[in-house]
Each structure stands twice: as C-alpha cells, then as structure tokens.
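Written below as structure tokens is the structure these notes are about.
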Amino acid sequence: MSDSTQTLDETTLLNRVQAPEGEGREILDAATREAIGRAPVQSVADLDDAIARARAAQPGWEARGHEERSALLMKAADALEANAEVLARLLSREQGKPLNGPNARFEVGACSAWLRATASTPLETQVVVDDGEVYAELHYRAVGVVGAIGPWNWPMMISIWQIAPSLRMGNTVVIKPSEHTPLSVLAMLAIMNDVLPTDVLIGISGDREVGARLSSHPGIDKVMFTGSTATGRKIIEASAGNLARLTLELGGNDAGIILPGTDPKAIAQDLFWGAFINTGQTCAALKRLYVHDSIYDDVVDALAEVAALMPMGNGLDENNVLGPLQNKAQFDIVSGLVEDARANGGRIVTGGAPAPELGELFYPVTLVADVTDGVALVDEEQFGPVLPIIRYHDVDDAVASANGLDVGLGASVWGDRDEARRVAARIQAGTVWINSHGGVHPMIPFGGVKGSGYGLEFGVEGLKSVSVPQIING
Ligand code: NAD
C-alpha cells in the first residue's frame, strides 16, 4: 500500500502484470491481431493460495470500518483516474472497443465513478421493531471472501461492479477475469492495489478450470458472476457444495418495442446506441427490435442513416466509434446468425458480410429486416453488431414476443411515455427503459429475471447483496 497516486506509462504498467518473457499465454490486439502481452496462466494451486491469503486479510479489512474502507476506495478511484488514458488504451487493444464513443474511455471513467458512488452510498442499520417491549435491529455484515468471475465485453467495468460493493462491505475479493481479457483487469487491479492493503483484492489469471474451482471452493462465501447462462447454471450446481451465496448476471436477449405514432428520426440515434454500444457486445443491449407496421419502413431507413455515419476500425484511431468482435468464437456466432437469417428470408439492409479489409474480426453494422420470431437471429443472443427488426401489427403480439424467450435482462418501449409505461409493466425483464435502452446508474439496482439470473447490483440493494443480514434482538 502506498499513498502516492502515480501515473504509469504503458510498458511499465504491462510489465507489472504480464507473465515473464517466454511464459504465460499470448494476448492479441483484437483489431490488429498483433501480440500485446502475455497473460499469466495461474493454476488451481495458485487460486487456493490466493483464497487462503484473502481469508487471512478479511477480518482486518472488516475491522477498519466503513469510513476507512470508503476512504481507501476513493483513493483507488483517484489512482484509476490518474491512469485513465493508459488503461483505456490497453483496454481498447485487448477488448477491441474504440477509445471514443461509449467505449474504452467511457468504461474506465465508469470504473472510478462506480467506486466513488459505492464508497459513498450509506447502508443504515434498520430498527425493525421498537414497541416498548421488543427492540430489534437489522445490520448488514461482511459475508467473508467474495469470488468474482467476469466476462470479456466490459471487463474492467463489470469487475468494478463486483469489487466495489464487496470491498465496501468489508469482504475481501479474489477475482478471475475472462481468459480473453485478463491484462486490462490485472492492470486495473495493480493500480488499485497501490493504495489498498495487501491481499484484500487478489487477481487470478486462469482459464475455465480456475473459474470452476473458484466457484466451488470451500473458502468462498459469495460468488459474483457475470457471464453466460450456461456457465451460470454450473455455478449454481457448484454452490450446492460450499453454500456460497450467488449474484448471477447472465445472458439476455433484450427486446425493444416501438409504439405507433413514434417519430423514427427522433429516436434513431438512441436506438442505434441501445443496440450497438460496444459494437453490440453488451449484456443489456437491444437485441431484437419490434416495430409497428405503420412506421416500420421509416424506422429501418432512419437506423440505416445513423449506421452509415458511424466509423468502424482500429480502436486507437480517434475517429472510430465501433470496433471488432473481441474473439473468433463470437465472430463466428455473429456471421453464422446473419447467414441463417438471410437463408430464412431476412432482408439485409446494411452490412451482412465480414469486413476483412478492416481486420480479421471485423463485422460491419448489420440491420436485418423482415425477420420473424423463430429465426435464430431473433431467438438467440447475437452479442455483436447485428440487429433483427421485426414487424408487428398489434402491441399485444409484440409484448408476447418480448416475453416469449427464457431470458429477461432488459427491454425498452419507445413512444408516448404514459402508453410506454403501461406496456413496460407487462414485460418480463429486470429493467424496462422508456425511450432509451441500456443506461445503467450506480444508484439504480440492476439485475435480470428468468434465465438472465438473480440478485441485484448497484446502490443500496447492491451493498446488501454482498452482505449477510444480522438481527440484534434486545
Ligand atoms: P462465459 O460464461 O463463457 O465466461 C464468463 C466467465 O466464466 C469467464 O471468466 C470464464 O473463464 C468463467 N467460467 C467458465 N466456465 C466456468 C465454470 N464452470 N465455473 C466458473 N467460471 C467459469 O461468458 P462470456 O462469453 O465471457 O461472456 C458473454 C456472456 O456474458 C453473454 O451471454 C452476455 O450476455 C453475458 N453478460 C451478462 C452481463 C450481465 O450483466 N447480465 C454482462 C456482460 C455479459
């Protein structure tokens, strides 16, 4: 732990976290496919050691109290801010997202903003009964050691969503970033650890096997997981062994419904970013758009006009606001879904084929019109820069379609606010946005329903979810 908030250069930062020359696993720049560094490959034995250290550090961390922990989280936020540009550049190369637009600089900024908000959110003791005879209070105590497991799409921000409330409540954290994006997360942890006490926040760079051990480990009291529904199920099974409490933020396939009478041009830009933020690789992005027949063609045209204005390419180029897919497996999923939609009557409005002239993993913004429910591009999560646009005639049908899948992370309704709010109440999703899609806020609880998981993050509810309640009766 040090008091200094120093600004590191890219090479120094990378050298602090990467494996020694000749060791580790090579991590490629998502845009250029050139090597950027070597991720350490840590073993299950390393993980066991990390959990033992985190357990040993936990009582001392909890004993510091809320005020001191919050002050240290504020310092960690300062340290991230002092290194924001170097972190954004590393994130841009490793993940692929451009520096500009709602992308890498935005993500790094959100990390310090979330740390600050979490550090300053009060969680008051509640007097539950005080009737002259009985006096009982509800307190929230630390759970113990939190195991955090994250995905590759918003690697730094999602890690902070797991770390900040956990540390704030007096837990220590062992975090395993996605094997696709370990360097940016490890770099962020290194900067935070310059101001945090030893062993309260430990990063472990490993593969799925390490993730599986982390979630099933007897020394883990709580698992914060963000990733696919399939992995979420395995984590639930693992929790039968250690009884770890779980927060599961899983996949989604968010529907947007545009009501008749809505002005397509007025909403086109917000619709676009609702769907294509982080080049579509976002859990709560708009992934299927239901448009009333009366304005269908105008919405398609307005979206295509906005799409034509959004440059895609290497993230370090200041002009670009869209980047590559992060990895080949996701690129193949996206390409396959577009081909399948085309074969099933989908009309490609723009895009529709890879863009090898930009690089191996680039797929252009693709709007697919005239598709229907039942086509894989509509029913499955594309997690990329492709949006199916489905025509509806009766809003009841659009609501039935929105609710027709086994996931329910987010959704949106676009149009007259009062009417949209009535429709929103009928949709099965953790969040329904009105006339926007996907915005998150550190004080507004966020979480899914159905196959999108359970548990809430952010705000007071987020603090409770990394705590155990304790009643003091008397
Ligand atoms: P993934 O489930 O493949 O991997 C996520 C993490 O789990 C990785 O770190 C991986 O190593 C680890 N892991 C794999 N097997 C494991 C196991 N058996 N036990 C424990 N950990 C294991 O997901 P991904 O491909 O990295 O991420 C994309 C998915 O995440 C999408 O479905 C997306 O919708 C979802 N996502 C959800 C949210 C949300 O907040 N709901 C946010 C971002 C992404």
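First listed ligand is number 1; within each ligand, the first listed atom is number 1.
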Quiz item: Which residues pass the ring-ring contact (aromatic ring centres under 6.0 Å, His included) test with Phe276, sequence neighbours left out?
Solution: Phe272
Quiz prompt | Pairing residues for Phe458 by the ring-ring contact (aromatic ring centres under 6.0 Å, His included) criterion, not counting sequence neighbours | solution = Trp114, Trp161, Phe446
Quiz item: Under a strict 4.0 Å criterion on non-hydrogen atoms, which protein residues are in contact with ligand 1?
Solution: Ile149, Gly150, Pro151, Trp152, Asn153, Ile158, Lys176, Pro177, Ser178, Glu179, Arg208, Gly211, Ala212, Ser215, Phe225, Thr226, Gly227, Ser228, Thr231, Lys234, Ile235, Glu249, Leu250, Gly251, Gly252, Cys283, Glu381, Phe383, Leu409, Phe446
Quiz prompt | All salt bridge (charged side-chain N to carboxylate O under 4.0 Å, His left out) counterparts of Asp340, not counting sequence neighbours | solution = none
Quiz item: Do we see a donor-acceptor contact under 3.5 Å between the side chains of Lys287 and Gln382?
Solution: no
Quiz item: Taking atom types as modelled, is there a side-chain donor on His217 or Asp48 under 3.5 Å from an acceptor on the other?
Solution: yes
Practice problem: Evaluate whether atom CZ of Arg25 has more than 12 neighbouring non-hydrogen atoms of other residues, nucleotides or ligands under 6.0 angstrom away. | Solution: yes
